[in-house]
Asks: 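One structure is given below, represented as structure tokens, and several questions about it will come after.
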2 protein chains.
Amino acid sequence: MSTPQRARRAPRPTGEDRQRAIVDAVEDLLRTRPLAEISIDEVAAAAGLSRSAFYFYFGSKQAVLLELLDRMVAEVDARLAALPLPDEPSRDWWRSCLAVFVDVFGAHRAVSVSLAEARATVPELREEWSRRLAGWVDLTTATITAEQRRGRAGAVVDARATSVLLNTMNERAIAASLAGEEPSLPPGSVLDALTDLWCTAVYGTPDP
Amino acid sequence: MSTPQRARRAPRPTGEDRQRAIVDAVEDLLRTRPLAEISIDEVAAAAGLSRSAFYFYFGSKQAVLLELLDRMVAEVDARLAALPLPDEPSRDWWRSCLAVFVDVFGAHRAVSVSLAEARATVPELREEWSRRLAGWVDLTTATITAEQRRGRAGAVVDARATSVLLNTMNERAIAASLAGEEPSLPPGSVLDALTDLWCTAVYGTPDP
DNA sequence: CGATGCTCTCGACAGGCTGTCGAGGGCGTC
DNA sequence: GACGCCCTCGACAGCCTGTCGAGAGCATCG
């Protein structure tokens with residue numbers, strides 16, 4: 001919850017890289033077990049400091065996860081913003097959008113998987129995710145609506161409902177795949193399968 | 001984890017309705033907060049017994065949730081089995097299948113929502129859910145494949161991948177709706193939206 | 001009718017984890 | 001060389017969990 005006051009660009013051993021060390025340690029540990037099974041002792045040890053030093057930087061381990069989530073969604077948004085906006089979205093364009101999610105979530109597997117676990121108990125996490133998800137839903141809705149106005153997207157009944165469903169599917173399907181749950185899609189084929197389904201949901205065919 | 005040895009059909013105050021009382025108490029409490037924030041003290045108090053009496057019946061609060069999940073999925077499977085098997089699935093048939101999930105999950109909102117939280121930490125829960133989900137995915141895949149053989153289901157590239165995605169979408173979309181997350185679909189419109197998307201994913205049009 | 005056994009209940013204990021506090025330790029500055 | 005700031009530490013209190021042994025009620029059997 002709390003953030004450190006500041007830090008000077010330290011000569012050697014100190015500073016805000018302690019904070020970074022904590023965040024990295026949590027991401028490492030999350031690769032081995034869920035957040036609930038990670039104690040702050042372990043995090044502190046992995047980051048090379050004492051337990052109470054941890055509390056100087058973060059109010060809880062959940063706050064660290066929130067930081068991790070912030071980094072991840074910021075990366076998603078940055079890469080989405082860098083994507084070209086075509087006059088008429090093609091399958092390739094949709095695919096490249098979806099690839100952003102698949103890639104970034106995959107690069108932060110531990111965070112993606114932990115989200116579902118921690119969302120129930122951490123309001124800040126839930127709200128932050130809601131905000132970002134809402135943004136992506138708006139984007140999707142706008143794109144679909146534009147396609148409808150062009151006379152395409154014939155398969156869509158309710159653009160907003162479709163967008164919500166497709167985006168929530170993304171979240172869960174990618175997380176399940178990364179966690180290796182059964183049944184789920186192997187990580188290598190998630191992107192193509194999602195693209196097929198998104199295009200079908202919008203245009204009625206996987207390759208419009 | 002453990003189950004009580006037995007119970008006689010008690011005259012008045014005793015028996016296995018203690019066990020039922022525990023399960024019901026957990027479901028009640030889950031309506032107000034996530035499992036992680038519920039202590040066994042509270043459960044025992046709500047069920048009218050002492051904390052260690054709780055441990056006579058269940059090994060942990062997670063074991064109670066597993067019991068709750070078992071009940072719920074059993075109900076789903078029972079109602080799915082009662083559904084007629086048509087020669088050619090219509091939109092109405094798909095809708096009535098989806099209605100089973102929407103209805104039963106909705107009737108056990110607390111359980112549906114808690115699943116995502118607890119799955120990360122409770123292997124038995126994860127495995128049980130995987131088993132059931134796999135069954136529904138198989139059912140979906142078989143149905144789609146049959147449609148493909150009939151020359152319908154033209155929109156489907158990979159029947160299994162489509163089935164996995166549609167079923168995982170169901171899970172998450174219904175849970176989000178029941179939890180009142182934002183963005184999500186209002187509970188009243190989930191069923192129609194899901195039906196539209198399932199039909200579109202399979203046939204290329206929401207109303208085949 | 002009393003002994004035995006089973007089911008079930010309880011209070012108490014030990015251990016682990018969390019979050020907080022006050023006491024400093026180094027280091028730059030005046 | 002005294003002060004102040006950033007940071008670190010050990011210790012404490014509190015909560016929750018899981019386990020144990022000691023029984024209470026009740027049925028069955030000798």
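Note: hydrogens, waters and symmetry copies are ignored here, and every other heavy atom, side chains too, is used. Throughout, a chain's letter reflects where its sequence line sits, starting with A, and its residues are numbered from 1.
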Asks: What pairs of nitrogen or oxygen atoms, one from the protein and one from nucleotides 12-16 of chain C, lie under 3.5 Å apart?
Replies:
none

Asks: Just grab all the salt bridge (Lys or Arg N to Asp or Glu O under 4.0 Å) pairs involving residues 91-106 of chain B, residues at least two apart or on different chains.
Replies: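 The answer is R79(B)-D103(B), R91(B)-D196(B), R95(B)-D192(B).
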Asks: Say whether, by atom type as modelled, one donor and one acceptor occur between the side chain of K61(A) and the main chain of I38(A) under 3.5 angstrom.
Replies: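 Yes; at least one donor-acceptor contact below 3.5 Å.
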Asks: Please tell me if K61(B) has a side-chain N or O lying less than 4.0 Å from either OP1 or OP2 of dC16(D).
Replies: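 Indeed not, no polar side-chain atom of K61(B) lies that close.
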Asks: Side chain of Y55(B): nearest nucleotide among dC10(C), dT18(C), dG18(D)?
Replies: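 From the listed options, dG18(D) comes nearest.
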Asks: Find the distance Y57(A):OH to dC9(D):C1' and express it as a whole number of Å.
Replies: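 After rounding, the reported distance stands at 13 Å.
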Asks: Without decimals, in angstroms, what is the distance between F56(A) CZ and dG19(C) P?
Replies: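 Whole-Å distance recorded here is 17 Å.
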Asks: Which residue pairs satisfy the ring pair (Phe, Tyr, Trp, His ring centres under 6.0 Å) criterion with at least one member in residues 103-127 of chain A, sequence neighbours excluded?
Replies: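 Listed by first then second residue: F101(A)-F105(A).
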Asks: Under the side chain to side chain contact (heavy atoms under 4.5 Å, CB included) test, which residues partner T143(B), sequence neighbours left out?
Replies: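 Partners of T143(B) under the side chain to side chain contact (heavy atoms under 4.5 Å, CB included) test: P89(B), W93(B), W94(B).
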Asks: Show each protein N/O and nucleotides 24-26 of chain C N/O combination with a separation under 3.5 Å, one pair to a line.
Replies:
none

Asks: Pairing donors with acceptors under 3.5 angstrom, does anything connect the side chains of S163(A) and T140(A)?
Replies: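 On atom types as modelled, these side chains do not qualify, holding no pair under 3.5 Å.
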Asks: Holding to side chain to side chain contact (heavy atoms under 4.5 Å, CB included), I want the full list of residues that pass it with A179(A), two or more places apart in sequence or in another chain.
Replies: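 In terms of side chain to side chain contact (heavy atoms under 4.5 Å, CB included), with neighbours along the sequence ignored, A179(A) is linked to V113(A), E181(A).
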Asks: Can you tell me how far P of dT19(D) sits from CZ of F54(B), to the nearest Å?
Replies: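 Nearest whole value for this atom pair: 12 Å.
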Asks: For residues 164-195 of chain B, pull every pair meeting ring pair (Phe, Tyr, Trp, His ring centres under 6.0 Å), keeping only residues two or more places apart or in separate chains.
Replies: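 Passing the test, one end in residues 164-195 of chain B: no pairs.
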Asks: Any side-chain heavy atom of L133(A) within less than 4.5 Å of one from P183(B)?
Replies: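 Heavy-atom side-chain distance check passes, below 4.5 Å.
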Asks: Under 3.5 Å, is there a donor-acceptor pair linking the side chains of N170(A) and W136(A)?
Replies: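 There is no such pair (donor and acceptor under 3.5 Å, judged by atom type) between the side chains of N170(A) and W136(A).
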Asks: Within residues 27-43 of chain A, find the residues that approach DNA chain D with a heavy atom at under 4.0 Å, and present them sorted by residue number.
Replies: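 Of all residues in residues 27-43 of chain A, none places a heavy atom under 4.0 Å from DNA chain D.
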Asks: Suppose we screen for side chain to side chain contact (heavy atoms under 4.5 Å, CB included). Which residues come up paired with A53(A), at least two apart in sequence or across chains?
Replies: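 Side chain to side chain contact (heavy atoms under 4.5 Å, CB included) check on A53(A) returns L49(A), S50(A).
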Asks: Checking R71(B) now: which residues fulfil salt bridge (charged side-chain N to carboxylate O under 4.0 Å, His left out) with it, not counting sequence neighbours?
Replies: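 If we apply the salt bridge (charged side-chain N to carboxylate O under 4.0 Å, His left out) test to R71(B), skipping adjacent residues, the hits are D24(B).
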Asks: Taking salt bridge (Lys or Arg N to Asp or Glu O under 4.0 Å) as the cut-off, I'd like each qualifying pair that reaches into residues 130-139 of chain B, sequence neighbours left out, listed once.
Replies: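 Matches after skipping sequence neighbours: D77(B)-R132(B), E128(B)-R131(B), E128(B)-R132(B), D138(B)-R160(B).
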Asks: Using only atom types and a distance under 3.5 Å, with no angle test, would you say the side chain of S130(B) pairs donor to acceptor with the backbone of E182(A)?
Replies: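 Checked: pair present.
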Asks: Might you list the N or O atoms of the protein lying below 3.5 Å from N or O atoms in nucleotides 21-25 of chain D, with each pair's distance?
Replies:
none

